[in-house]
Amino acid sequence: MLPEKLRKQVIYQIYPRSFKDSNNDGIGDLNGIRSQMDYLACLGVTMLWLTPIFKSPNRDNGYDVSNYYEINPEFGSESDLEKLIDSAHSKNISIMLDMVFNHTSDQHDWFQKSRAREYPYTDFYIWKDGVDGRAPKGKEAFFGGDVWQFDDLRKQYYYHTFDKKQPDLNWSEPLVRKKLADVVNYWIKKGVAGFRFDAIDYIGKKLNPIVETDIELTHKYLNELKKNSYGQDNSIITVGETGAADLKSSRRYTDFKTGELDMVFQFEFMNLDGVRSDDWIKKEFPIIKLKKLVDHWQKGLFFKGWSGQFLGSHDFPRLVSRFGSETSGYRFLSASMLATFLFGLQGTPYIYQGDEIGMSNFPWQRVDQFRDIESLNFAGKFAKQGLGPEEIVKRLADNSRDNARTPFQWSNDQYAGFSNGKPWLAVNPNFKTVNVQREINDNTSLLNYYRRLIKIRKQETLFFDGDFKMLDGENDSLFFYERFKDDRRLLVVANFSEKRYVLENKFLPKNEKDILIANYSDRSKKELFSDPNIRPFESFIYLLDKEGRQNDQK
Ligand code: NOJ
Ligand code: CA
C-alpha cells in the first residue's frame, strides 16, 4: 500500500540562489523564499525542496558543502531557516533539504584534515598513490577531467566523481557514515520534514583494484543511514537522486516494506535526448521511446515502489524549450500539456521553480555569460578540441544547466522583481511578458492552470491509486493513457505536437462535467466536450463512467 504520507504530495523545487532576493545583493536567500510563502501556498504545493543551502565555496552552487551545520551566509542564518520552516508550517507546507553526501567541498574541514593525514580523518576520502608517476586508472569525471586529482600536501591522488573540488567521501569508513547520520538527525530536530539525497547511488564503492560503484554497498550504507536517522520517524519523506537506477533497482530502493527511500528520481526519461552528455550536440527527443519507457516504469514500479516525476530541474534546460514550443501561440499550450501529462502519472509530481509560469531557456550569446562549472569546464574542453566560439555557445545554449537557473520572474520591474541589485546570473529578457504579476490574476494563465491541476491531483484518488494503461502506444506524439481502479477511470490526453488527431468514439467524454481540466477552454463547454478532434498541444483529463468502461470492453 502506498504510504499515506505520499498520497497528496506535490513538491516544488526551489533553487534558492535564483528564487527571491531579500537584501538586494543579487543572490536569492531564505528570507526571500519566506516573503513568497503566500504565493507558494496559493499555488497549492505541499513541500518545498530547497537545493543545498549549506556553507559552500559555490564551485557547484552549494553541491560542494564545506560545513553541513552552517547555512551559507549568502542565504541567511539558521534562525532565518527556522523562520522559514515555521512560516511554511503555518501554511501546511513542509521543507525538504538537499543532502550532498557523496562528496564534500575540498574546503570542508574533513578534507583539509584528511589531506594532512590527521586522525581520525585520514581515510574520510578515497586516496591512492600514483602509478609510475601517473594518476591511478580511472574514467573522466562528470564535470570533465580525470576522476583522480593529485594533492600536493598528502602527495597522493583523491577520487572525485564530479568536479575536482568535490572530493568523494569514503563511505567504507564507519565514522563517515556516523557523522552523516548525525547531520540528518540535526536537521530533523530543526523541523525539516524531507530529504533529497544527492547522487546517492554513487556512495557505495569498491575501492580495489579500481574504484567502481557497487550497488550492494550502496544499499547497505543507505540501510544503515535510515536506521540511524530518518528511519526513526515515519513521517519523514526521502527521495534519492539515483542517476543510474533502472526499474529493478528502483523497486529495491523504494520497496514499501524493505526499501531505504520513499522514492527515487530515475533519469531514463530525461536522458532520452542525450542532453548534457558526450558532445553536447542537440538530438531529437524520441516520443515513441518515451512512451515505451513510461509504460515500462508505470506498470513495473508502482504499488511495489515509488518515484518522483519531473520534466525539469536545476540540472536541465527549461522544459518548455526542450519538450514544448516557445513560440507565442504555443508557450501556454505546450507547457500546460507537459504539466498535464506529468501530473496524470503515478508517482509524486515535482515542479521546478518558474516552470509554472512558462520560464524558458535564455538567449545565450557569449561563453562569458555562463556561470555553471559544468558548462564552463565543457566550454574549455570544446575549445581545446578546436571548436569556435559560436559552436561552443550553441552547444552550451542547448544543454546548459544555467538555462534553468536564471532569476525567477516575479514582475516586469527591473530585474524581474527578483532583486533591486544586479542578479548573479542574467534575467531572461522575456520577463516583460513571462512573469507572475501578469499571470496571477489571469484565469487563463499557465500559473492558474497549474493551480487547478494541483488541486485536482490532490482531490481525485485515482491519481494515487489508479493502475496505468497506455492507450495508442504506437502514436508518435499523442500520449493517451488511462488510470483505473475498480470501475472508475481517468483518461489523460496529451498531444506533444502541432499535429491533429481524431479520438475514437468509445473514448470520448460522456458529459462536459467529466472534464476535470483542459488547456483549450472550449473543451469543457457543452458544444465541444466530446469533439473527437485533438488540436495542437491539446491536453485534458476526464473521467469515464462505468458505461464508458463497458463500451470499451465490447
Ligand atoms: C546532482 C545535482 O543535482 C547537481 O546539481 C550536482 O552538480 C551534482 N549532483 C553533484 O553534486
Ligand atoms: Ca540576498
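Both ligands and their constituent atoms are indexed starting at 1 by order of listing.
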For Ser77, check side chain to side chain donor-acceptor pair (under 3.5 Å) against everything at least two apart and list the hits. Asp80
Using 0.5 Å steps for rounding, measure from the CD atom of Gln13 to the CZ atom of Arg196. 7.0 Å
Please check if the distance between the ring centroids of Trp410 and Phe408 is under 6.0 Å. yes
Please list, chain by chain and in numerical order, all residues satisfying side-chain contact (heavy atoms from CB on, under 4.5 Å) with Glu216, sequence neighbours excluded. Asp214, Arg252
Give a yes/no verdict on a cation-pi contact between Arg276 and Phe316, requiring under 6.0 Å between NZ or CZ and the six-membered ring centre and an angle within 45° of the axis. yes
Close to the Ca ion (ligand 2), meaning under 3.0 Å, how many protein N, O or S atoms are there? 5
Would the His108 and Tyr68 ring centres measure less than 6.0 Å apart? yes
What class does the angle between the rings of Trp187 and Phe54 fall in, given that below 30° is parallel, 30 to 60° is tilted and above 60° is perpendicular? tilted
Below 4.0 Å from any atom of ligand 1, which residues have a heavy atom? Give them in chain and number order, please. Asp60, Tyr63, His103, Phe143, Phe162, Arg196, Asp198, Glu241, His314, Asp315, Arg401, Arg405
Charged tip of Arg177 within 45° of Trp171 ring normal and under 6.0 Å: no
Charged N to carboxylate O below 4.0 Å: is that the case for Arg405 and Asp315? yes
